[in-house]
Amino acid sequence: MSKIRVRFAPSPTGALHIGGVRTALYNYLFAKKEGGTFILRIEDTDQTRYVPGAEKYIMEALEWAGLKLDEGPGIGGEHGPYRQSERKALYGEYAKKLVDSGHAYYAFDTPEDLAKAREEHPNFKYGIMTRIVMKNSLTMSAEEVQQKLDAGEPSVIRLKVPADEAILINDIVRGEVTFQSNELDDKVMLKGDGMPTYHLANIVDDHLMEISHVIRGEEWLTSTAHHVLLYRAFGWEDTMPKFSHLPLILKPTGKGKLSKRDGAKLGIPVFPLSWDGGTPENTFDGFREFGFLPEAMLNFLAFLGWNPGTEQEIFTKEELAAVFDLEKVGKSGAKFDYDKAKWFNQQYIMEKDDDALVEMVTPIIKEHHGEVDADFLKGFVGLMKERATLLPDFWTAGSYFFKDVEEFDLKSIRKRWKPENSPKMKAFIGAINGLENFDAASIETAIHAFMEKEELGMGVVMPALRLALTGTMKGPSVFDMMSLLGKQRVVERLEKGFQYFDDYKASLDQA
RNA sequence: GCUCCGUUCGUCUAGGGGUCAGGACGCCAGGUUUUCAUCCUGGUAACACGGGUUCAAAUCCCGUACGGAGUACCA
């Protein structure tokens with residue numbers, strides 16, 4: 001078998017959708033599995049839809065996701081250039097070859113002509129049945145055609161779809177799919193502006209770049225028939241790539257494919273990175289800003305439409321590449337399951353080592369609080385990592401590690417704070433202050449001794465400490481927290497907290 | 001409308017003639033824990049429908065319904 005070469009070929013029309021990231025991922029995994037080459041090709045043949053910054057976004061998104069490219073714009077490779085706009089001349093030549101070999105023809109119909117035809121015949125299709133009545137090189141004399149061409153009249157080149165041919169596609173994920181050529185229209189190959197359409201550019205480039213496998217979204221399945229015809233017309237059928245059409249990613253609820261609007265409506269990320277489109281509706285956060293780890297996103301995405309057939313769910317990128325199999329990709333659309341995405345993220349956060357986590361959490365803490373000591377942060381993430389689903393949870397669930405408690409869980413105070421124990425508890429603060437070693441074990445020993453001496457149970461001491469320290473009943477081990485917070489802060493918070501509890505209880509009695 | 005594709009717990013899915021239809025997320029209950037989270041145990045819940053073929057169908061065939069994609073000088 002010849003060399004495996006796959007390409008991810010997005011169009012730079014805006015932020016790269018998460019479905020596109022999955023397509024890139026499957027291409028990447030397949031390439032790695034087979035020891036092949038993963039290529040990025042920018043399909044920017046539509047000048048009207050080109051969005052500045054989109055190509056950069058695509059590159060950054062792939063980089064963040066860890067999908068390293070072997071060839072592509074800015075990376076290089078033997079088969080460049082990798083931007084279709086830089087290959088324009090090539091497509092014109094190939095389109096002309098198609099005309100010369102009788103597989104395509106010039107058409108001079110204006111947009112108005114076409115609109116009129118569609119209006120008169122609701123099911124109008126520029127094809128086998130209709131091309132004989134349109135303005136094209138099939139219905140005009142050679143002289144007339146040449147004259148129009150010489151005069152620079154606007155024209156396109158259309159594929160001349162042959163009659164009565166069956167087109168069988170052997171799709172790796174969908175099996176055999178058959179089309180009848182008579183149902184197909186004469187698609188435009190070369191547009192009026194001299195740029196190719198997707199179809200022409202795609203086939204020419206895949207051939208020239210020696211692409212062995214085309215792995216793309218299901219939306220391309222129908223037009224694959226045209227693509228096969230094109231390979232035949234060029235005489236490239238022998239080296240035609242194998243096709244795999246991936247199922248779509250669907251909305252979490254309701255119908256249809258996942259859209260940008262779902263992101264805003266449901267408060268979920270549908271893009272890998274943030275994007276500033278200039279308007280509020282076109283500006284949003286991505287998986288990264290929501291606090292996902294790239295490997296968690298990848299793992300989640302990999303399982304949307306594919307699974308290894310075993311019960312393992314957590315995979316590194318390398319493990320995925322080792323077991324990935326296009327044959328095991330599903331045929332039906334997969335709904336975007338945000339709960340599952342978050343579960344993956346939580347798993348990855350728990351597994352991350354503390355140093356790596358510090359690096360990821362530092363910017364978040366800085367944003368809310370400012371500079372923090374690195375050792376303190378390391379202790380902090382160690383205590384909190386089992387309690388965070390998304391990176392920002394480290395702050396929202398652990399802000400009390402950095403700033404004094406501003407709000408107390410009043411309900412818990414009512415339930416847990418007994419004013420009659422107050423003198424004993426306050427006296428205990430002194431004992432803590434006298435502690436020489438402030439490690440968790442020493443603190444624990446001291447607290448147990450205190451409870452025994454004062455005949456107070458776990459249930460009254462621990463909640464009181466926790467509440468005074470953090471304001472809430474949730475969080476890591478009290479001993480660990482005290483040790484990390486340090487004696488001075490602990491003493492301050494306990495004094496302040498216990499006093500607050502007393503005052504609060506008293507105010508309740510008055511009312 | 002036409003063409004193509006699809007349909008197993010709420011969701012992601014395993015299973016491809018004989019399974020108590022398995023796992024994961026979610027949810028519920030219990031255990032562990034000073035609390036929360038983690039972890040552990042258990043529970044909940046599915047073969048779209050109708051016909052065939054077969055001793056036997058979730059699995060093969062046909063039809064219906066529903067869903068999706070495509071139907072541009074967009075990709």
Side-chain angles (χ1 to χ4, degrees), chain A residues 9-13 43-46 48-49 84 107 109-111 114 118 122-126 154-158 169 171 174-175 177-180 182-185 187-199 201-202 216-225 245 247-248 250 252-253 255-257 300 303-314 328 330-344 346 350 383-389 393 397 409 412 416 444 447 451 457-467 470 472-479:
Chain A
S11 188
T13 55
E43 309 230 331
D44 54 350
T45 54
D46 186 352
T48 64
R49 295 210 311 159
Q84 290 185 328
D109 316 272
T110 64
L114 294 171
R118 290 192 181 103
N123 287 327
F124 176 80
K125 189 173 63 190
Y126 205 123
S155 69
V156 302
I157 292 178
R158 282 180 184 274
I169 296 157
D171 191 285
R174 321 195 80 89
V177 181
T178 318
F179 293 90
Q180 299 304 322
N182 292 0
E183 310 282 356
L184 273 25
D185 64 335
K187 286 216 181 301
V188 170
M189 297 288 109
L190 202 68
K191 299 186 270 191
D193 63 2
M195 285 296 256
T197 57
Y198 170 88
H199 309 288
N202 197 260
R216 67 206 334 181
E218 188 191 312
E219 66 269 27
W220 296 109
L221 183 57
T222 311
S223 43
T224 305
H245 287 93
L248 267 13
L250 276 16
T253 55
K255 302 165 180 177
K257 62 178 175 180
F300 164 67
F303 272 72
L304 236 38
W306 170 86
N307 85 86
T310 63
E311 286 180 359
Q312 185 181 350
E313 298 217 70
I314 303 294
K328 289 185 95 62
K331 295 178 176 62
S332 46
K335 285 191 174 163
F336 185 92
D337 183 355
Y338 191 54
D339 279 328
K340 191 85 180 227
K342 285 193 293 191
W343 176 79
F344 273 112
Q346 185 183 32
M350 284 192 297
L383 294 183
M384 290 302 289
K385 67 178 177 183
E386 276 178 5
R387 277 158 266 259
T389 300
D393 293 342
D409 175 356
S412 294
R416 302 292 194 169
E444 183 169 2
I447 289 178
M451 287 191 300
M458 275 294 225
V460 344
V461 176
M462 300 304 288
L465 293 176
R466 178 178 296 284
L467 244 16
T470 72
T472 158
M473 284 306 290
K474 300 175 181 179
S477 150
V478 165
F479 313 124

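A note on names: the letters A, B, ... follow the listed sequences, proteins ahead of strands, and every chain is numbered from 1.
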*If we only count heavy atoms from C-beta on, is the A:R216 to A:N202 side-chain gap below 4.5 Å?*
yes
*Determine the Euclidean distance between corresponding P atoms of B:rA72 and B:rU13; express it in Å to zero decimal places.*
31 Å
*If pairing requires Watson-Crick or G-U wobble contacts with both distances under 3.5 Å, which nucleotide is the partner of B:rA57?*
none
*Using both distances under 3.5 Å as the test, list the Watson-Crick or G-U wobble partner of B:rU19, or none.*
none
_Partner nucleotide of B:rU41 by Watson-Crick or wobble geometry (both distances under 3.5 Å)_ = B:rA29
_Set of ring-ring contact (aromatic ring centres under 6.0 Å, His included) partners for A:F179, sequence neighbours left out_ = none
*Reckon A:Y198 touches a base, only the sugar-phosphate, or nothing at all at heavy-atom distances under 4.0 Å?*
base
*Taking only residues two or more places apart in sequence, or in another chain, which ones meet A:K385 in a side chain to side chain donor-acceptor pair (under 3.5 Å)?*
A:D354
_Give me the distance, rounded to whole Å, that separates B:rU33 from B:rC27 when you measure between the P atoms they each carry._
24 Å
*What pairs with A:W343 under ring-ring contact (aromatic ring centres under 6.0 Å, His included), at least two apart in sequence or on another chain?*
none
*asked:* Classify A:G217 by what it touches in the nucleic acid, base, sugar-phosphate, or nothing, heavy-atom distance under 4.0 Å.
replied: nothing
*Taking atom P in both B:rU41 and B:rA14, compute the distance separating them and give it to the nearest angstrom.*
25 Å
*Could you check whether A:V478 gets within reach of a base, just the sugar-phosphate, or nothing at all, counting any heavy atom under 4.0 Å?*
base
*Does any nucleotide pair with B:rC73 by Watson-Crick or G-U wobble geometry, both distances under 3.5 Å, and what is it?*
none
_Inter-nucleotide P distance (B:rU19, B:rA24), Å rounded_ = 23 Å
_Between A:T45 and A:P122, which residue's closest nucleotide on RNA chain B lies nearer the 5′ terminus?_
A:P122
_Does A:Q346 reach a base, just sugar-phosphate, or nothing at all? Heavy atoms under 4.0 Å._
sugar-phosphate
*asked:* Classify A:N123 by what it touches in the nucleic acid, base, sugar-phosphate, or nothing, heavy-atom distance under 4.0 Å.
replied: base
*So what does A:P196 hit on the nucleic acid, given a heavy-atom distance under 4.0 Å: a base, only sugar-phosphate, or nothing?*
sugar-phosphate
*C1' atoms of B:rC47 and B:rG15, separation to the nearest Å*: 11 Å
_Sugar-phosphate only, base, or nothing, as touched by A:R174 at under 4.0 Å among non-hydrogen atoms_ = sugar-phosphate
*Considering only heavy atoms from C-beta outward, does the side chain of A:L248 approach that of A:E219 to under 4.5 Å?*
yes
*How is A:K257 classified with respect to the nucleic acid when contacts are heavy atoms under 4.0 Å: base, sugar-phosphate, or nothing?*
sugar-phosphate
*Contacts of type ring-ring contact (aromatic ring centres under 6.0 Å, His included), residue A:F336, not counting sequence neighbours*: A:F300
*Name the nucleic acid region contacted by A:F300, choosing base, sugar-phosphate or nothing; use a 4.0 angstrom heavy-atom cut-off, strictly under.*
nothing
*May I ask you to say what A:K385 touches in the nucleic acid, namely base, sugar-phosphate or nothing, with a heavy-atom cut-off under 4.0 Å?*
nothing
*asked:* Can you check the distance between B:rU53 and B:rU59, where both ends of the measurement are the P atom (answer in whole Å)?
replied: 15 Å
*Under 4.0 Å between any heavy atoms, over every strand shown, what does A:G459 touch: base, sugar-phosphate, or nothing? Just pick one.*
nothing
*asked:* By the 4.0 Å heavy-atom rule, please label A:P476 as base, sugar-phosphate, or nothing.
replied: base
*Go through the steps for A:K340 and A:D337 under the test salt bridge (Lys or Arg N to Asp or Glu O under 4.0 Å), then give the verdict.*
CA-CA 5 Å; A:K340 191 85 180 227; A:D337 183 355; over 6 Å; no
*asked:* Over all strands shown, is A:D109 touching base, sugar-phosphate only, or nothing at heavy-atom distances under 4.0 angstrom?
replied: base
*Nearest-nucleotide wise, let me know which of A:D46 and A:V177 is further upstream toward the 5' end of RNA chain B.*
A:V177
*Interface limits on RNA chain B, where chain A has a heavy atom under 4.0 Å of a nucleotide atom*: B:rG1 to B:rA75
_Pairwise P distance, B:rA21 and B:rC62 [rounded to whole Å]_ = 27 Å
*asked:* Any base atoms under 4.0 Å from A:R118, or only sugar-phosphate, or nothing? Heavy atoms, all strands.
replied: sugar-phosphate
*Tell which nucleotide pairs with B:rA48, taking only Watson-Crick or G-U wobble pairs whose two distances are both under 3.5 angstrom.*
B:rU64
*Please state the P separation for the pair B:rU7 and B:rG43 - nearest whole angstrom.*
30 Å
*Is there a donor-acceptor pair under 3.5 Å between the side chain of A:T45 and the backbone N or O of A:M195?*
no
*Under the side chain to side chain donor-acceptor pair (under 3.5 Å) rule, collect the residues that match up with A:D171, sequence neighbours excluded.*
A:H245
